[in-house]
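In listed order, ligands and their atoms are each counted from 1.
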Amino acid sequence: MRLVEGLNPKQKEAVLQTEGPVLILAGAGSGKTRVLTHRIAYLIQEKNILPWKILAITFTNKAAKEMRERVDQLVGKGAEEIWVSTFHSACVKILRRDIDKIGYNRYFTIYDTGDQKSLIKECLKELNYNEKNYPVSYVLGEISNQKNELVSASDYEKNSAGDFRKEKLANIYKLYQKKLESNNALDFDDIIFKTVELFIYHPEVLEYYQNRFEYIMVDEYQDTNTAQYKLVKLLASKHHNLCVVGDDDQSIYGWRGANIRNILDFEKDFKNAKVIKLEQNYRSTKVILDAANAVIKNNFGRKSKALWTENEQGDLIDVRETDNEHDEAEFVANEIVKQIEEEGREYKDFAVLYRTNAQSRVLEEHFIKHAIPYRLLGGVRFYERKEIKDLLGYLRVIQNPSDDLSLKRIINVPKRGIGDTTIGKVEAFASDYDMSFFDAIRDVEIVSQFGRSASKLKKFADLIGVFQVEAQAGSVMELVENILERTGYLKELENENTEESKERIQNIKELISKAADYDQNAEEPSLEGFLEEVSLVADIDNYNEANNAVVLMTLHSAKGLEFPYVFITGLEEGIFPSYMSVVSENEDAVEEERRLCYVGITRARQKLYLCYAKSRMLRGLTQYNRCSRFISELPKDLISIGNKVKKAVDPLAGIRSRNKVLHTYTPYQGAVSKADNSSSENTPLEFECGDLVKHIKFGVGTVEDIRYAGADYEVTVTFPKFGSKKLMARLAKLKLVQ
Ligand SMILES: Nc1ncnc2c1ncn2[C@@H]1O[C@H](COP(=O)(O)OP(=O)(O)OP(=O)(O)O)[C@@H](O)[C@H]1O
Ligand SMILES: [Mg+2]
């Protein structure tokens, strides 16, 4: 059988065991993803299962695409009919068919974080709550947690009775949800939540999919949250042919609600589950694998696994200490150049990983200096740029005129003389009569009440009406070009003729080519399909292996990928493991960081570099951190300490002792006026507005305001549990949190 050739006996067993629940629990690089691909091919080719009866869930769209290509290679045609997608894409497909049953219509918009924030701000304003007491990101995080746990706004309200703060949060959650509904919009968490809701309230819909998906497979199962788990359970409860693969040691999304229990309790939840362990690693050298095992061994409460490999011993792990982040970046750049020149490597063989996106800037600078081509995943995303969001705003309104949020974004962009007062009036009217903004301005009689603005509103509504007709014709690219021209958006940017406007025009061109690309390649191109694709792209989806460039990304993004050479940078206490995990003294948080480290190490096939800097300037603050505990957990015989490491500090000595993070003070440049500063000998504070600080009793909070007050500063801090507090900075011993 060609399909199982080249698989080891355990992998073969996992492919052949097609019936009933199966858990493939295995360490990194043991071929889990490969097994899934072969399993799909086997089902189609050997078991004659129709491709459209198979559902495979992957973690990124990129992984989905790759899996489809691999299946294509293995079985030839038919692969396009398999549902291989992320949780979100699969659910959007399901919702587009039946969401009208739960009070939305199928042209719903998907809101990103920026949209969500705007909506929360509207809610706070309407409820008359102070943003300082209810910081937007905090509120959103809280709502997201609830949705991931399948707690609806009304359930949350019931649970919060008697708790003043929770009651307020419940009010925000309720209003936020009401607004989403009236805008016919879903946020990211809703996509899963609403699908589960649809299945529960409309068993006939569930039954349709239960019958359809005879075989279900889920990759990276350790990172599913409660809502996703419930979804899978519902879908699989008829045929029970559910195969999940995962590695508890690679669970790195606890902070996003992922529940490691889902994998550990699989055998309890699915009776007669067959558990298959894969123990041979095909990816990495012995040295790299031993290092990964040595680090993860320090976590408690894991299912023990013995990962081994037949691969060669390989190079020792290169541990580098540098003086600062620039030396670190310089080392990485030089090493890449050296490997390329001396070993005949290619740029795409290298990945540089870090804990937070902010660390990429210095690396980029040095790569540019050395003319090293690189691709950066993360940072400010293309679709979050103003001009792109404006254009998408138009597209969204054309597609879903109930989307008040997008409509308000574009109604006066470019300027067409519709001011805030008019917008306020229309909004009040629409809300009184429970209609959408667009319905109000589309109605001639209603519009006539708005005096001088009436004709402008009408003209705008007509323009959208024309675009709606044009959208039916199908070409998204033409629609985008028409919008740019007829609204005068492009002309305005051209007239501006600044560096910034030129860059915006470039971005717009990029959007046009994306639309063209979509028109050509989509099976059935439509505006709705284009918007969906745009909303669901993850950073990692933009990573293209064919590009010969070094890739820079966070450790989180690197999950599931592999590279011959891997650098992990910033291995310092307070950076990685993160400051929050170190100061919280919460062992679970440190263990999650350690799993992230395990993920990072196991991305490497041939050679691994671990870098740390004695000092690092990050977000305007210089820090002196000790070398990460993860380095000290490596056996000495696996590492070589490179030349640049100053032997004066033995990186392996005393690291396990409690680590201290030192910060140098940077002058505070916020609310204090110059006069105040010059008249004072006061030492500046180590934090400024927007920073996180820690208070012994209240915990971690956000600095909202700082005022100079004689020998000290009066600082206003909002704490998630305690609300807003005014504190004297030194007296209260506020400490900066990274
Ligand atoms: N039986 C095998 N023979 C040869 N190569 C294999 C075999 N099984 C897997 N590999 C290779 O090993 C590497 C790792 O496989 P894969 O990505 O499927 O592992 P994984 O368990 O999904 O890893 P991760 O935990 O990082 O997601 C890939 O390059 C794959 O092609
Ligand atoms: Mg995998």
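No side-chain heavy atom of Thr33 sits under 4.5 Å from any side-chain heavy atom of Val245. Using a 4.5 Å heavy-atom cutoff, the side chains of Thr113 and Phe188 are not in contact.
In terms of protein heavy-atom proximity, atom 17 (O) of ligand 1 is nearest to Arg283 NH2, 3.2 Å. Nearest non-hydrogen protein atom to atom 11 (C) of ligand 1 is Tyr282 CB, 3.7 Å. Nearest to atom 22 (O) of ligand 1 among the protein's heavy atoms is Thr33 OG1, 2.8 Å. Shortest contact from atom 8 (N) of ligand 1 to any protein heavy atom: Gln11 NE2, 3.1 Å. The protein heavy atom nearest to atom 20 (P) of ligand 1 is Lys32 N, 3.4 Å. Scanning all protein heavy atoms for the shortest distance to atom 18 (O) of ligand 1 gives Arg34 N, 2.9 Å.
A donor and an acceptor atom, one from each side chain of Gln339 and Tyr565, are located under 3.5 Å apart. Judged purely by distance below 3.5 Å, without hydrogens or angles, the side chains of Arg595 and Gln222 never pair a donor atom with an acceptor atom.
In terms of modelled atom types and a separation under 3.5 Å, the side chain of Thr569 and the main chain of Tyr354 share no donor-acceptor contact.
By the 3.5 Å distance cut-off applied to N or O atoms, Ala28 is not counted among the residues near ligand 1. Considering backbone and side-chain N/O of Gly29, one or more are found under 3.5 Å from N/O of ligand 1.
Compare Arg603, Gln250, Glu562, Arg605 by their heavy atoms: the one nearest to atom 13 (C) of ligand 1 is in Glu562.
At least one heavy atom of Ser30 sits closer than 4.0 Å to an atom of ligand 1.
Within the structure, every pair that satisfies the side-chain hydrogen bond (donor to acceptor under 3.5 Å, both in side chains) test and touches residues 232-242, not counting sequence neighbours, is listed here: Gln210-Ser237, Asn211-Lys238.
With ligand atoms numbered from 1 in the order given, ligand 1 contributes 9 (C), 15 (O), 16 (P), 18 (O), 19 (O), 20 (P), 21 (O) to contacts under 4.0 Å with heavy atoms of Gly31.
Note: Phe563 CZ to Phe350 CZ = 12.0 Å, rounded to the nearest 0.5 Å.
When all heavy atoms of Ile568 and Ile601 are compared, the pair lying nearest together is CD1-N, 3.8 Å.
Contacts between Lys559 and ligand 1 below 4.0 angstrom, taking non-hydrogen atoms only, are absent altogether.
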